[in-house]
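A note on names: the letters A, B, ... follow the listed sequences, proteins ahead of strands, and every chain is numbered from 1.
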Amino acid sequence: MDQKPFSQGLLSSEADSQRTLYPYVTGTSVVALKYKDGILMAADMGGSYGSTLRYKSVERMKSIGKHSLLGASGELSDFQEILSYLDELILYDNMWDDGNSLGPKEVHSYLTRVMYNRRNKFNPLWSSLVLGGVKNGEKYLGMVSMIGVHFEDNHVATGFGNHLARPILREEWHENLSFEDGVKLLEKCMRVLLYRDRSAVNKLQIAKITEEGVTVSQPYSLKTFWGFSAFSNPTVGAEGSW
Amino acid sequence: MDLSLNDEHSMGTTIIGVTYDGGVVLGADSRTSTGMYVANRASDKITQLTDNVYVCRSGSAADSQIVSDYVRYFLHQHTIQLGQPATVKVAANLVRLVAYNNKNMLQTGLIVGGWDKYEGGKIYGIPLGGTIVEQPFAIGGSGSSYLYGFFDQAWKEGMTKDEAEQLVVKAVSLAIARDGASGGVVRTVIINADGVTRNFYPGDSLQLWHEELEPQNSLLDILNTPSPEPMNF
């Protein structure tokens with residue numbers, strides 16, 4: 001009988017199990033808010049490989065069924081796996097052919113169970129998920145983290161967005177935002193992330209979910225401002241500073 | 001998620017120094033980060049050592065600043081004793097001495113460039129460990145990984161001042177496109193017999209690379225542009 005190597009310790013099982021230890025190709029923040037007609041969600045299109053900005057046209061927001069939109073940050077292969085699970089879930093739901101369809105609340109609940117159970121097996125899906133949707137006039141916006149922490153709110157963000165976007169949203173979000181104001185508020189958050197998040201990429205999409213359905217915008221870039229006078233010669237009079 | 005907001009300030013960076021027929025062009029990005037947070041998006045990484053010698057700094061922000069401060073101090077005294085401007089070679093060797101003798105504690109890669117009347121424009125690379133290498137051009141910092149192939153193909157002997165500056169701006173811009181640790185604006189410093197010129201190229205003035213799109217004010221502008229009229233033959 002082979003001795004198990006000591007390094008595997010108490011965490012190994014009978015078969016050689018795979019375990020996600022650290023992420024490889026990652027997406028950065030997702031930001032979302034409720035507005036008058038539904039949900040608006042924004043995410044850039046970057047897939048970073050460590051500090052390299054390797055992929056610049058990755059869609060990190062996908063529609064789920066008729067009523068929901070899922071945005072993800074973290075390991076992209078785990079996001080793709082989750083999409084595959086949800087595909088199966090929606091398929092089985094459609095096969096019932098009973099006129100009922102899974103709404104955002106149900107999808108969020110499913111995702112929470114998946115993430116939490118994986119965490120319990122020490123094999124997490126290394127993603128932070130944002131789930132938004134509208135069904136029967138009710139708007140829903142929730143988040144699930146890689147360890148299964150989940151909650152609903154009027155505005156959510158993942159990753160760096162937690163630190164940079166949520167304070168802006170707390171100040172400026174209000175009930176019944178128009179589409180234009182919602183887009184401008186999300187763009188304000190995304191611009192700050194572009195300035196201050198190393199893994200941000202200047203190519204983003206904004207998605208809209210209303211009772212009518214889900215639309216994901218075409219990719220576009222934001223203008224950035226570098227015209228402060230202090231920026232052109234920051235070390236005048238203090239040579240060697242930054 | 002571990003955002004390491006308490007890491008030391010590091011200039012991930014892309015730094016470049018290029019000689020041309022008559023002087024040197026130094027270039028750098030402007031991003032200083034603490035972990036994944038961009039602490040300063042408009043930093044100045046090209047620092048003066050004397051009137052005619054500048055240094056590009058990469059690696060730990062603190063270490064590179066203290067090295068350049070010491071060398072500026074020594075060079076100032078040296079210039080007074082010598083009675084004329086210090087040569088680029090002397091400046092570079094002073095940087096090397098500080099870097100080499102403190103190699104266990106420092107984590108900074110530097111590119112020293114300048115012009116003097118004896119040798120003209122010169123570039124010296126001083127990587128981690130304190131080796132000194134005189135080169136017709138030098139690249140450094142994390143962003144330089146993406147530029148080795150580019151320079152192998154694009155570098156030519158005997159460029160003009162404008163050609164050299166355009167090469168540097170293009171190179172830093174390409175590195176910024178792929179290195180998360182580099183970003184912001186491109187700064188250049190041109191040093192020759194006539195003196196020193198500082199230039200500043202903000203992010204939105206650089207050319208667009210693969211998969212990059214023309215910047216817009218807002219999605220609303222795109223949605224509100226009317227679709228083109230159908231053609232009538």
Side-chain angles (χ1 to χ4, degrees), chain A residues 23 26 28 42 45-46 48-57 73-74 126 128 145-146 158-160 162-164 179-180 183-184 186-187 194-206 217-228 230-236 239-242, chain B residues 1 3 5 9 11-12 30-33 35-49 57 61 64-66 68-69 72 142 145-146 176-185 187 198 200-205 208-223:
Chain A
T26 55
T28 185
M45 300 187 75
S48 300
Y49 187 67
S51 65
T52 307
L53 306 170
R54 193 160 179 186
Y55 304 106
K56 297 203 196 173
S57 297
S73 66
W126 209 285
S128 291
S145 78
M146 69 186 251
T158 66
F160 245 93
N162 273 307
H163 297 89
L164 297 175
F179 174 71
E180 284 77 25
V183 168
K184 286 202 196 118
L186 278 180
E187 284 178 342
L194 196 54
Y195 288 142
R196 296 295 176 176
D197 178 4
R198 260 173 53 159
S199 40
V201 139
N202 194 2
K203 196 166 169 192
L204 63 142
Q205 292 174 303
I206 296 195
S217 78
Q218 61 174 209
Y220 73 104
S221 289
L222 283 172
K223 283 197 183 150
T224 51
F225 184 68
W226 302 91
F228 296 107
F231 280 9
S232 46
N233 260 317
T235 58
V236 158
E239 208 53 62
S241 67
W242 61 338
Chain B
M1 187 195 286
L3 296 168
L5 294 165
H9 280 18
M11 301 171 301
S30 70
R31 178 172 283 188
T32 306
S33 22
M36 291 300 271
Y37 177 65
V38 177
N40 188 345
R41 63 177 170 112
S43 11
D44 184 6
K45 302 181 190 181
I46 310 176
T47 302
Q48 187 189 29
L49 294 178
R57 303 181 288 113
S64 65
Q65 279 178 0
I66 200 72
S68 72
D69 287 349
R72 190 177 317 115
S142 57
S145 312
Y146 307 94
I176 287 175
R178 289 296 183 177
D179 180 26
S182 301
V185 307
R187 296 195 194 276
R198 272 187 165 284
F200 163 77
Y201 298 91
D204 47 350
S205 74
L208 292 172
W209 304 116
H210 181 50
E211 290 190 302
E212 291 184 343
L213 301 172
E214 196 66 56
Q216 310 282 342
N217 278 317
S218 166
L219 179 68
L220 300 170
D221 295 339
I222 304 173
L223 294 173

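- Nearest heavy atoms, A/Gly240 versus B/Gln65: O-CG, 3.3 Å.
- Among all heavy-atom pairs drawn from A/Pro234 and B/Ala42, the shortest one is CG-O, 3.7 Å.
- Looking at B/Leu223 and A/Phe179, their side chains come closer than 4.5 Å, going by heavy atoms from C-beta outward.
- Proximity to chain B (any heavy atom under 4.5 Å) is restricted, for A/Phe225, to the backbone atoms N, CA, C and O.
- With a 4.5 Å cut-off on non-hydrogen atoms, A/Leu186 does not touch chain B at all.
- The contact between B/Glu214 and chain A is made entirely by backbone atoms, counting heavy-atom distances below 4.5 Å.
- The parts of B/Arg41 that come within reach of chain A are both its backbone and its side chain, each placing non-hydrogen atoms under 4.5 angstrom from that chain.
- Annotation: maximal heavy-atom pairing with chain B below 4.5 Å, among A/Ile206, A/Val183, A/Leu222, occurs at A/Leu222.
- To the nearest 0.5 Å, the span separating OH on A/Tyr220 from CG on B/Leu219 amounts to 4.5 Å.
- Of all non-hydrogen atoms in B/Gly184 and A/Trp226, the two that sit nearest each other are CA-CH2, 3.3 Å.
- In this view, B/Ser145 satisfies the side-chain contact (heavy atoms from CB on, under 4.5 Å) rule with no residue, not counting sequence neighbours.
- Between the side chain of B/Arg187 and the backbone N or O of A/Ser232, at least one donor-acceptor pair lies under 3.5 Å.
- Looking at A/Lys56, its side chain does come within 3.5 Å of a backbone N or O of B/Ala177 through a donor-acceptor pair.
- Contacts between B/Leu208 and chain A at a heavy-atom distance below 4.5 Å are absent for every atom of the residue.
- Comparing A/Lys223, A/Gln218, A/Met45 by how many heavy-atom pairs each has under 4.5 Å with chain B, the most go to A/Lys223.
- By number of non-hydrogen pairs under 4.5 angstrom with chain A, the leading residue of B/Ser205, B/Ser218, B/Ser182, B/Gly203 is B/Ser218.
- In this structure, OH on B/Tyr37 lies 6.5 Å from CG on A/Leu164, to the nearest 0.5 angstrom.
- In terms of non-hydrogen atom pairs under 4.5 Å with chain A, the most contact-rich of B/Asp69, B/Thr47, B/Asn40 is B/Asn40.
- Counting heavy-atom pairs closer than 4.5 Å to chain A, the top-ranked of the candidates B/Asp44, B/Ile46, B/Val185 is B/Asp44.
- Residue A/Tyr55 touches chain B through its backbone alone, counting heavy-atom pairs closer than 4.5 Å.
- Put simply, the side chain of B/Met36 reaches to within 4.5 Å of the side chain of A/Ser199, judged on heavy atoms.
- In this structure, chain B has a heavy atom under 4.5 Å from the backbone of A/Ser241, while its side chain stays farther away.
- Partners of A/Ser57 according to the side-chain hydrogen bond (donor to acceptor under 3.5 Å, both in side chains) rule, which considers only residues two or more places apart in sequence or in another chain, are A/Lys203, B/Glu211.
- Summarising the geometry of B/Val38 relative to A/Arg196, their closest heavy-atom pair is O-NH1, 2.7 Å, with the distance given to 0.1 Å.
- Atom CG in B/Leu49 sits 9.0 Å away from atom CD in A/Glu239 (nearest 0.5 Å).
- Panel note: side chain B/Arg178, backbone A/Leu53; a donor-acceptor pair is recorded below 3.5 Å.
- Only the side chain of A/Glu187 comes within contact range of chain B, judged by heavy atoms closer than 4.5 Å.
- Residues B/Phe200 and A/Asn233 fail the side-chain proximity criterion, which asks for heavy atoms closer than 4.5 Å.
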